[in-house]
Amino acid sequence: MKQRCGFTLLELVIAITLTGVVALLVYGAARTAVDTQWRLEERQLAVRSDVAWQALLVDALRNVRSPLDHDQPTLVIESENDVLGLPRYRLSFITAGGTPPLNGDTDWLVTVDAGGGGLKMLAAPFGMDAPARAIVGKPGVTSLEVRAHSGAVGGGWVEGWRNARALPAALELRFWSDSGPAGPSVLVALPVGGAR
């Protein structure tokens, strides 16, 4: 009887099939790991951007001050209704922010507004003929709600503010998307008097 020295065709087909199945499993696991890492990095970048933007906004609000032209209100909260009848707020204030791009060398007129492109902050040098700087905020935010606390005994939160001589004691900013709240609200204590 002759001894065989090789593999049969059936054994080779089974070996190739098993190798292919193992390779597909390894590729699937590696692809899932790469996709997960990419999503985590993207989420981490979004969180960092959100934290940096929020820190810039809080710093600008903490550096609110009266302009040299005292006829201009230091802080204004305006409300109007959008096409659905929901309130849409706009916050405008004069600041000498300490965090770039809002340097403390000049007064800045800052406007915070939400719309179709998300929450945006626009800063322009106050009293100068210079271009405004757009600082993109939170994408996906379709509405901004701003309330002010007068700080007076027995005073509470109010929806609007237009007092050229006084600042509220604190502001609360709530961010909304089409599906509901877009993150936690931001509470900021403002400087007393906002004087120079």
Side-chain angles (χ1 to χ4, degrees), residues 50 53-138 141-177 181-196:
D50 190 42
W53 186 89
Q54 188 169 318
L56 179 65
L57 176 61
V58 168
D59 179 67
L61 284 168
R62 287 187 178 151
N63 287 296
V64 167
R65 65 183 184 184
S66 298
L68 291 173
D69 178 9
H70 290 291
D71 293 337
Q72 175 76 22
T74 304
L75 186 136
V76 177
I77 301 171
E78 298 173 304
S79 174
E80 60 186 33
N81 290 338
D82 64 9
V83 293
L84 299 174
L86 300 172
R88 181 173 175 220
Y89 292 85
R90 178 180 297 120
L91 173 64
S92 300
F93 57 94
I94 307 293
T95 186
T99 304
L102 304 177
N103 59 16
D105 296 339
T106 196
D107 286 344
W108 295 88
L109 174 60
V110 176
T111 304
V112 182
D113 194 6
L119 187 66
K120 293 184 184 104
M121 184 163 70
L122 185 67
F126 184 73
M128 293 183 183
D129 201 17
R133 297 180 184 175
I135 304 163
V136 176
K138 297 174 172 249
V141 173
T142 56
S143 179
L144 168 69
E145 182 181 346
V146 183
R147 297 188 316 160
H149 196 284
S150 65
V153 176
W157 293 97
V158 294
E159 298 295 323
W161 190 269
R162 187 181 278 276
N163 186 337
R165 301 284 177 225
L167 287 175
L171 288 179
E172 178 186 27
L173 288 84
R174 292 183 186 166
F175 311 108
W176 298 88
S177 68
S185 59
V186 175
L187 291 170
V188 181
L190 297 179
V192 178
R196 288 187 165 271

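Nothing here was measured: the structure is a model prediction, and the numbers come from that model.
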* To do: Could you pull out all residues at least two apart from R62 that satisfy side chain to side chain contact (heavy atoms under 4.5 Å, CB included)?
  => V58, V188
* To do: Just jot down the side chain to side chain contact (heavy atoms under 4.5 Å, CB included) partners of E78, sequence neighbours excluded, or say none.
  => V76, R90, R162
* **Minimum side-chain heavy-atom gap L91-L173 below 4.5 Å** => yes
* Can you name the side chain to side chain contact (heavy atoms under 4.5 Å, CB included) partners of L109, sequence neighbours left out? -> I94, F126
* Compare all side-chain heavy atoms of M121 with those of V110 and state whether any distance is below 4.5 angstrom. => yes
* Structure fact -> For S177, the side chain to side chain contact (heavy atoms under 4.5 Å, CB included) test, sequence neighbours excluded, returns S179, A182
* Asked: Which pairs with one or both residues in residues 144-156 pass salt bridge (Lys or Arg N to Asp or Glu O under 4.0 Å), sequence neighbours excluded?
  -> E145-R174, R147-E172
* Applying side-chain hydrogen bond (donor to acceptor under 3.5 Å, both in side chains), name anything that partners D59, two or more places apart in sequence or on another chain. => N63, T99
* Asked: Are any of the side-chain heavy atoms of F93 and V112 separated by less than 4.5 Å?
  -> yes
* Asked: Measuring from W161:CH2 to H149:NE2, what's the distance to the nearest 0.5 Å?
  -> 10.0 Å
* Asked: To the nearest 0.5 Å, how far apart are CG in L119 and CG in L144?
  -> 5.5 Å
* To do: For residues S185 and F175, determine if any side-chain heavy atom of one lies less than 4.5 Å from a side-chain heavy atom of the other.
  => no
* Asked: At their closest point, which heavy atom of V64 faces which heavy atom of P191, and how far apart are they?
  -> O-CG, 3.4 Å
* Asked: Looking at side-chain heavy atoms only, is the closest gap between P181 and W176 below 4.5 Å?
  -> yes
* Look up atom CG in L61 and atom CG in L75, then write down how far apart they are to the nearest 0.5 Å. => 7.5 Å
